[in-house]
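Here is the structure we will look at.
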2 protein chains.
Amino acid sequence: MSLRIALLGLLTVSGPSSGYDLTKLFEGSINHAWQAGHSQIYPELNKMAADGLVTVEEEGPRGRKTYAITDAGSLELRRWLVEKEPSRSHRSEAALRAFLLPTLEPQEALALLRAEVEVYDAKLEALEALWRSKSLAEVGFGKYALDLGIRQIRTVRDWAADTAAAIESSGGGARP
Amino acid sequence: MSLRIALLGLLTVSGPSSGYDLTKLFEGSINHAWQAGHSQIYPELNKMAADGLVTVEEEGPRGRKTYAITDAGSLELRRWLVEKEPSRSHRSEAALRAFLLPTLEPQEALALLRAEVEVYDAKLEALEALWRSKSLAEVGFGKYALDLGIRQIRTVRDWAADTAAAIESSGGGARP
DNA sequence: CTAAACATGTAAACGGTTACATGATTCG
DNA sequence: CGAATCATGTAACCGTTTACATGTTTAG
């Protein structure tokens with residue numbers, strides 16, 4: 001159900017858009033929160049139109065169909081946000097790897113953690129540049145999600161750095 | 001593929017176990033990193049046995065089958081951890097909600113955020129109690145994952161609190 | 001003319017969730 | 001004896017990923 005909600009949100013903020021537009025918007029904005037490719041988006045838009053949540057506003061060149069959100073769609077989005085109990089379960093490979101770390105030799109675990117720190121440092125820099133580059137007004141929509149995304153990446157980065165330090169100081173370092 | 005890896009990890013640390021045991025272990029340990037029910041675990045164990053990653057060590061009462069990890073299984077786990085490039089994409093409803101927050105009226109957004117802060121506070125307390133209750137030795141396995149889990153929840157909590165404060169101070173508060 | 005970008009779709013396979021289904025053993 | 005717990009499985013459904021498939025328009 002959440003793909004539908006994400007699409008309703010994008011249509012609310014960006015105005016009438018085609019499936020193609022929405023696929024690009026997905027990549028460029030909501031991507032760190034939710035992922036979907038065009039093969040999922042096109043059929044979903046058709047179903048949403050059948051359910052009356054969006055309408056085909058106009059048909060352009062190359063079979064382009066521009067969808068607009070309906071009142072029923074806006075209501076659905078609002079209901080989901082306000083009334084639906086959020087699902088807080090999350091599945092992350094980072095956490096699974098954290099769990100499995102003690103099955104490795106300390107030196108191997110250290111190497112993995114250090115590599116992760118580097119990757120997350122790079123990600124952090126990219127997101128922080130994005131934060132700085134857009135004027136606050138331009139970010140607007142997506143601002144809260146970007147803030148959360150940056151904080152979450154920093155959290156994993158710091159955890160990896162601290163855990164590496166802890167393993168190192170407890171005998172995982174270089175052998176004499 | 002990750003369910004398979006999680007099961008290999010549990011078998012490594014807890015020793016030979018039945019599907020039933022593994023289902024319980026899943027709930028009690030790895031649950032905040034990955035979820036799986038018995039209906040997923042039993043067929044997977046059968047497939048893993050067919051692939052030679054685990055063996056049925058003994059058959060007990062009530063049809064109980066005790067599985068043990070094989071050398072091939074250990075190798076598979078190690079390979080996954082060391083050689084496989086981690087997937088860093090994550091899907092969280094919290095992030096999607098953060099993204100959609102600006103489609104609501106400030107007062108509604110505030111109410112949602114405040115409710116979230118309370119829920120995450122409660123979760124934090126539960127996990128921190130778990131952290132304190134187990135001796136470090138007893139936690140052992142799962143220690144790193146628990147640490148990461150606590151940090152991640154604290155991050156979301158703090159984001160929600162800060163965002164609520166920001167919305168409040170910019171006109172979302174009580175009307176005069 | 002040709003390559004890139006625009007634009008939409010379908011199908012197979014996979015993984016996860018929920019519900020259904022069954023039966024054995026232990027404890028009070 | 002009855003309830004709780006132990007113990008294993010299957011089937012239907014849904015959402016996601018990957019691959020296949022097709023055709024148009026624009027820019028160089």
Side-chain angles (χ1 to χ4, degrees), chain A residues 1-8 10 14 16-28 30-51 54 56-67 80 84-85 87-93 95-96, chain B residues 1-8 10 14 16-28 30-51 54 56-67 80 84-85 87-93 95-96:
Chain A
M1 270 304 95
S2 299
L3 170 61
R4 179 167 288 214
I5 298 299
L7 291 172
L8 289 173
L10 285 175
S14 304
S17 317
S18 69
Y20 187 84
D21 295 337
L22 289 165
T23 305
K24 297 281 162 164
L25 280 170
F26 230 100
E27 277 167 24
I30 210 174
N31 199 46
H32 53 98
W34 210 264
Q35 302 93 240
H38 78 276
S39 66
Q40 212 185 340
I41 290 171
Y42 288 126
E44 187 64 28
L45 284 169
N46 283 326
K47 276 186 238 156
M48 287 162 78
D51 293 347
V54 297
V56 179
E57 278 250 303
E58 72 175 305
E59 309 216 9
R62 285 174 278 203
R64 178 190 169 91
K65 287 190 262 178
T66 307
Y67 293 91
W80 186 86
K84 195 217 156 210
E85 182 70 7
S87 144
R88 277 142 196 129
S89 76
H90 74 138
R91 220 183 274 269
S92 87
E93 224 188 88
L96 179 58
Chain B
M1 272 302 95
S2 301
L3 171 61
R4 179 168 288 216
I5 298 301
L7 291 172
L8 290 172
L10 285 175
S14 304
S17 317
S18 68
Y20 187 84
D21 295 338
L22 289 166
T23 305
K24 298 280 161 165
L25 280 170
F26 231 100
E27 278 167 25
I30 209 173
N31 199 46
H32 54 98
W34 211 265
Q35 302 93 239
H38 79 276
S39 66
Q40 212 185 340
I41 290 172
Y42 288 126
E44 188 64 28
L45 284 169
N46 282 327
K47 276 185 237 157
M48 287 162 78
D51 293 346
V54 297
V56 179
E57 279 252 302
E58 72 174 304
E59 308 217 8
R62 284 173 279 205
R64 176 189 171 93
K65 288 190 261 178
T66 305
Y67 293 91
W80 186 86
K84 194 217 157 210
E85 182 70 7
S87 144
R88 278 143 196 128
S89 76
H90 74 141
R91 222 186 218 99
S92 85
E93 225 187 86
L96 180 58

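Bear in mind the structure is a predicted one, so any value in this text is a computation, not a measurement. Throughout, protein chains are lettered first and strands after them, A, B, ... in sequence-line order, and every chain is numbered starting at 1.
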- Task: Please report the shortest heavy-atom distance between A6(A) and I30(A), naming the atom on each side.
- Result: CB-CD1, 3.8 Å
- Message: Can you give me the closest heavy-atom contact between L25(B) and S17(B), atom names plus distance?
- Response: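 Shortest heavy-atom separation between L25(B) and S17(B) comes out as CD1-OG, 4.3 Å.
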Tell me the interatomic distance from [X], atom [atom1], to [N], atom [atom2], rounded to whole angstroms.
{"X": "Y20(A)", "N": "dT25(D)", "atom1": "OH", "atom2": "C1'", "result": "12 Å"}
{"X": "L25(B)", "N": "dA7(D)", "atom1": "CG", "atom2": "P", "result": "12 Å"}
{"X": "L22(A)", "N": "dG9(C)", "atom1": "CG", "atom2": "C1'", "result": "16 Å"}
{"X": "R4(B)", "N": "dC14(C)", "atom1": "CZ", "atom2": "C1'", "result": "13 Å"}
{"X": "Y42(B)", "N": "dC6(D)", "atom1": "OH", "atom2": "P", "result": "11 Å"}
{"X": "I41(B)", "N": "dG9(D)", "atom1": "CD1", "atom2": "P", "result": "12 Å"}
{"X": "K65(B)", "N": "dC6(D)", "atom1": "NZ", "atom2": "P", "result": "19 Å"}
{"X": "E27(B)", "N": "dT5(D)", "atom1": "CD", "atom2": "P", "result": "13 Å"}

- Item | Pairwise salt bridge (Lys or Arg N to Asp or Glu O under 4.0 Å) hits with a residue in residues 37-51 of chain A, at least two apart |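 Salt bridge (Lys or Arg N to Asp or Glu O under 4.0 Å) check on residues 37-51 of chain A returns R4(A)-E44(A), R4(A)-D51(A), E44(A)-K47(A).
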- Message: Output one letter per nucleotide in nucleotides 15-28 of chain C: B when a protein non-hydrogen atom lies under 4.0 Å from the base, S when only the sugar-phosphate is that close, - when neither is.
- Response: SSBBB----BB---
Less than 3.5 Å apart, which donor and acceptor atoms pair up between the side chains of residues 32-43 of chain B and the rest of the protein, not counting sequence neighbours?
none

- Short side-chain N/O contact to dA5(C) OP1/OP2 from K24(A), under 4.0 Å: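 False: K24(A) side-chain N/O out of range (4.0 Å or more) of dA5(C) OP1/OP2.
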- Message: Between R62(A) and E59(A), does any NZ, NE, NH1 or NH2 come within less than 4.0 Å of an OD or OE carboxylate oxygen?
- Response: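 The answer is no: the pair does not qualify as a salt bridge.
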- Message: Starting the side chain at C-beta, find the nucleotide from dT10(D), dA7(D), dT10(C) nearest to D21(B).
- Response: dA7(D)
- Item | Validation row: F26(A), D21(A) side chains within 4.5 angstrom (heavy atoms) | no
